[in-house]
Every structure is written in structure tokens, then in C-alpha cells.
Amino acid sequence: MSKHPDIRFIINPTSGPKSKVDVAARIRLHLNHQKYSHEIVYTAYAGHAPELAREAAEKGCKTVVAVGGDGTVNEVARGLLHTDTAMAILPRGSGNGLARHLKVPMDPEGALRVLNEGHVTAIDSGTINDHPFVTTAGIGFDAYISSVFAGSKKRGLQSYVELIMKEVRNYKHLPVNVSINGRELDTDCFVMAFANAAQYGNNAYIAPEADIEDGLLDVCLVRRLDLIKALNLSYCMLTNQLAHADSAEYFKTKHIKVETEEPMMFHADGEYVGKVSAFDVHVQPLSLRVVIPKKE
Ligand SMILES: Nc1ncnc2c1ncn2[C@@H]1O[C@H](COP(=O)(O)OP(=O)(O)OP(=O)(O)O)[C@@H](O)[C@H]1O
């Protein structure tokens, strides 16, 4: 019986800002071929990577590398959850939230060095209405932004920030009912983020205290937003600090339920999923094996 290669690289050819880097050539150049056999496959459509990752896991592949941004990482992770196959990341997106949280280098050589070392650990993931996420999920403004961004041809950090600045003034909070840690809360919700990793990507920290191995999700609730709160929140997100209590509240939990009068948009790992009026969010403790840099 022919043995499956140790490592499958899954490249999303549409990820990230246009770049001249030939990532397949970098892989061939920098992978330790004495240690690992490998193959490179390309996604042909959105939603292809979970199939490619699951197939590799079923064939006994040790590691599957997500070559792309957080959308690709989400898809590869979905195919590997609760298996023995580890996920590595070769970051090619514009945000790269999970790679940054796990301290995977942003350059291909650095990311391949981490892969060559082969240090594996287990991390949590989450589900929002049964949609898995590994970095963040959310309802309200961040989901609205992901829905608008998905329909826009523009990519990159600058377009993203411009979009947020344009839309933030028009977006209105909605009333929600929240059940968390045995408590019920009737509140307004501008945005509610469920963070497994600390950041959305691009070092924008929505939950600075999030620990990806603690079996808990960090919830960040912004009830209402005005100019002062928006400035405080943006400053804290960019400097990796908890925002002032007037701007945002933080909770740690295994499970949270949210019900809304009007349907609200939600996202999983920055990909817009849909609009519903009930959300059930769970942590899935230590459900994904990942390749990370060795701690010093
Ligand atoms: N071959 C393909 N053709 C079209 N879409 C694809 C293909 N392969 C994957 N996709 C979709 O591309 C989406 C975006 O991918 P990804 O998030 O990796 O890149 P990005 O949006 O450029 O990065 P970031 O999320 O960091 O901004 C994914 O949700 C995935 O479903």
C-alpha cells in the first residue's frame, strides 16, 4: 500500500493581497525533505479546503498546512477538528489572526522553519450555531462588515479600515437577551464578539486576555457606540489593552445563548454566515492539534 505524504499543503490561490511570491517554490526550497515527504494541492472553489483536509486526515497525513488567510485556516481546521492530524499555517491572508495569535512568523521561510521543527499542541475551537470557528465569531457590526466586505472586490487592510469608518456611523445597536454563566441580561448590542484567539487579525485585539488553551471563550460586548467610545475601543484594540468599562464589557464562558427580536448577522472567522435571531455559542476544548513555534 502506498503511504500518504507526511504533509499536505492546501493553497488557496485567491488569498491575500496580490503578491509575486511563488509560494510552492518557497515550500520546495525551505521544507526539510530529509524529515518530511509532502504534496501540494490547490483549492478550486470556496468550501473545497475542508474536503481536502478531511481526506488527508483520513489517509493518515501527519500535518495539513493552510496556505492562506483566516478563511482558509477556518476551512482547513473544519476538516481536521477532533482528528490526530495537526494543522500548520503558512500565512497568506491580509489579517492572519490565528497565525499571529499562535506567533507563527508571517514570512514563508519563518513559517516553514516552525513546520520543520514540528512542535505540536492542542487548542480550543468554538461553534456558533454549529458553524466551527478557530479565531473569532461575532454578531452585529463585525458580521455586518464581513458581509459588506464579502461583496466588495477591494481587499487589504486599508480598504477594510475605510469600510469600517464609512459604516460605523450608520450601523445601529439592537436589543438582545443574553444567557451567560447562569445569568440573564437584557441589553443593547452594537457588536458581540466570541473570541477564541485574542485578535481579529492585523494585531487588532478584541479580547486581549483570551487564552486559546483554557477551555473558555472570551466574550466582548459593546452595547452602544458613540465617537468617544469608538476612539477608546480602537485605541485599546490597537494597543492590546482591555477597553474602558463604559466602552466594552468582557466575560469568559464555555457557552452563551443570545436571542434577538430582529434577525442579526453573524460571522465565523470573518466569513459572513447569515442572519438569524437565536445564537448558541459553545467552546470545543482542545479540539484541534496545531503546529506552533517552540516556547523559549
Ligand atoms: N479557489 C478558490 N476560488 C474562490 N474562492 C476560494 C477558493 N479557495 C478558497 N476560497 C475562499 O476564499 C475565501 C477567503 O480566503 P482567505 O480568508 O484565506 O483569504 P483573504 O480573505 O484574502 O484573507 P484574510 O481573511 O486574512 O483577509 C475563503 O473563505 C474561501 O472559502
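Worth knowing before you read on, the calculation uses all heavy atoms, side chains too, and leaves out hydrogens, waters and symmetry mates. Note that ligands are numbered from 1 as they come in the structure, with each ligand's atoms numbered from 1 the same way. Along the sequence shown, residues are numbered consecutively beginning with 1.
A donor-acceptor pair under 3.5 Å is formed between the side chain of Asn74 and the backbone N or O of Pro132. For the pair Asn240 (side chain) and Ala198 (backbone), a donor-acceptor distance under 3.5 Å is absent. Asn181 places no side-chain N or O within donor-acceptor distance of the main-chain N or O of Arg183, the cut-off being under 3.5 Å. Tyr250 places a side-chain N or O within 3.5 Å of a backbone atom of Ala243 that can act as its donor or acceptor partner. Using modelled atom types, no side-chain atom of Thr43 and backbone atom of His48 make a donor-acceptor pair closer than 3.5 Å.
Of the inter-residue distances, the one linking Thr72 atom OG1 with Leu98 atom CG reads 12.0 Å to the nearest 0.5 angstrom. Interatomic distance, Thr14 OG1 to Arg92 CZ, rounded to the nearest 0.5 Å: 12.0 Å.
The Gly93 neighbourhood of ligand 1 comprises atoms 23 (O), 26 (O), with distances under 4.0 Å to a heavy atom of that residue. In the vicinity of Thr43, heavy-atom distances shorter than 4.0 Å reach the ligand 1 atoms 1 (N), 2 (C), 7 (C), 8 (N), 9 (C). Every atom of ligand 1 with a heavy atom of Gly47 under 4.0 Å away is listed here by number and element: 31 (O). Distances below 4.0 Å separate heavy atoms of Thr72 from the following atoms of ligand 1: 15 (O), 16 (P), 17 (O), 18 (O). Residue-ligand proximity, Ser15 to ligand 1, at heavy-atom distances under 4.0 Å covers atoms 15 (O), 16 (P), 18 (O), 19 (O), 22 (O). Short contacts between ligand 1 and Asn96, defined as distances under 4.0 Å to a heavy atom of the residue, involve ligand atoms 26 (O).
Residue Tyr45 touches ligand 1 through its backbone alone, judged by heavy-atom distances below 4.0 Å. At a heavy-atom cutoff of 4.0 Å, ligand 1 is contacted by no atom of Ala49, backbone or side chain. Counting heavy atoms under 4.0 Å from ligand 1, residue Glu75 touches it through the side chain alone.
Using bins of under 30°, 30° to 60° and over 60° for the plane-to-plane angle, the ring pair Phe279/Phe266 lands in the perpendicular bin. The aromatic rings of His255 and His282 sit parallel, their planes meeting at an angle under 30°, below the 60° perpendicular limit.
Under the 4.0 angstrom criterion for non-hydrogen atoms, His48 is not in contact with ligand 1. Taking a 4.0 Å cut-off on heavy atoms, Gly201 fails to register as neighbouring ligand 1. Within the 4.0 Å heavy-atom cutoff, Gly270 does not count among the residues contacting ligand 1.
Using a 4.0 Å cut-off between a side-chain N of Lys or Arg and a carboxylate O of Asp or Glu, Glu249 and Arg223 qualify as a salt bridge.
Of the polar atoms of Gly95, at least one N or O is found under 3.5 Å from an N or O of ligand 1, judged by distance alone. Polar contact with ligand 1: present for Gly69 (N/O pair, distance under 3.5 Å).
For the residues Asn12, Val67, Ile11, the heavy atom positioned nearest atom 11 (C) of ligand 1 is part of Asn12.
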